[in-house]
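Here is the structure we will look at.
As the structure is a prediction and not an experimental result, all values here were calculated from the model. These values consider heavy atoms only, across backbone and side chains, with no hydrogens, waters or symmetry-generated copies.
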Amino acid sequence: MNKSKIERLADVALGEAVARLLGSSDHVSAGDIVRQLRDMAEGEQHPERLEAIAMALGEVQSEFTQSRERREADVLSSAGRNGSGSSRKQ
C-alpha cells in the first residue's frame with residue numbers, strides 16, 4: 001500500500017507523541033496520546049506537519065471511540081447471556 005506524504009507524516013507524528021509519553025511516563029492511554037498530539041499542534045508552525053498532526057489526532061480519536069463502542073457491546077452481550085444481571089434467590 002502506498003501512503004501519501006501526509007499519511008506518512010501523520011504516522012511519524014503519532015510515533016513522536018507515543019515516544020514522548022513513554023519517555024516521561026510509564027502509562028500511555030489513548031487520552032494521553034490525544035493530549036500530547038494537541039500539545040504538539042499548539043506549537044507547530046509548519047502547515048503540512050500541522051495537517052499531519054490533525055490527521056493523527058483524528059485517527060486516535062476514531063479508534064478510541066470504536067474501541068469503547070466494542071467494549072460496551074461486549075458488556076451488553078455478556079449481560080444478556082447471563083440473564084440481564086438480576087440474580088434474585090427465591
Side-chain angles (χ1 to χ4, degrees):
M1 171 171 72
N2 290 335
K3 288 187 173 185
S4 70
K5 181 178 179 180
I6 198 71
E7 289 172 320
R8 286 191 305 272
L9 285 174
D11 289 346
V12 169
L14 183 56
E16 287 177 14
V18 171
R20 288 181 187 182
L21 289 169
L22 289 172
S24 65
S25 171
D26 59 351
H27 180 265
V28 176
S29 70
D32 294 329
I33 296 170
V34 166
R35 281 187 290 281
Q36 183 63 47
L37 286 167
R38 285 182 178 154
D39 288 348
M40 291 167 60
E42 284 181 18
E44 186 56 55
Q45 299 295 316
H46 194 274
E48 194 171 59
R49 184 156 160 77
L50 187 58
E51 181 183 353
I53 292 170
M55 179 182 280
L57 183 58
E59 289 175 9
V60 171
Q61 290 174 320
S62 174
E63 184 60 37
F64 184 62
T65 300
Q66 290 173 9
S67 177
R68 183 176 48 222
E69 289 170 353
R70 282 191 300 265
R71 280 194 314 270
E72 289 171 357
D74 289 346
V75 167
L76 292 174
S77 174
S78 178
R81 285 191 307 262
N82 293 331
S84 75
S86 62
S87 57
R88 259 182 27 203
K89 290 187 178 180
Q90 294 178 326

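- Of all heavy-atom pairs spanning Ala56 and Ala10, the tightest one is CB-O, 3.6 Å.
- Separation of atoms CG (Leu9) and CG (Leu14) is listed at 12.5 Å; rounding is to 0.5 Å.
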- Item | Steps toward side-chain contact (heavy atoms from CB on, under 4.5 Å) verdict (Val60, Glu63) | CA-CA 5 Å; Val60 171; Glu63 184 60 37; 5.9 Å; no
Side-chain donor/acceptor pairs under 3.5 Å, residues 15-24, sequence neighbours excluded:
residue: Glu16; atom: OE1; partner: Arg49; partner atom: NH2; Å: 2.4
residue: Ser24; atom: OG; partner: Arg20; partner atom: O; Å: 3.1
residue: Ser24; atom: OG; partner: Leu21; partner atom: O; Å: 3.4

Mind listing the side-chain donor-acceptor pairs of residues 36-43 below 3.5 Å, one per line with the distance, residues two or more places apart or on another chain?
none

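- Listed by chain and number, the residues in a side-chain hydrogen bond (donor to acceptor under 3.5 Å, both in side chains) with Glu59 amount to none (sequence neighbours excluded).
- In the hydrophobic clustering of ILVMFWY residues, with side-chain heavy atoms under 4.5 Å counting as a link, Leu57 and Val28 come out together.
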- Message: For Asp11 and Arg8: C-alpha separation, side-chain torsions, deciding distance, then whether salt bridge (Lys or Arg N to Asp or Glu O under 4.0 Å) applies.
- Response: CA-CA 5 Å; Asp11 289 346; Arg8 286 191 305 272; over 6 Å; no
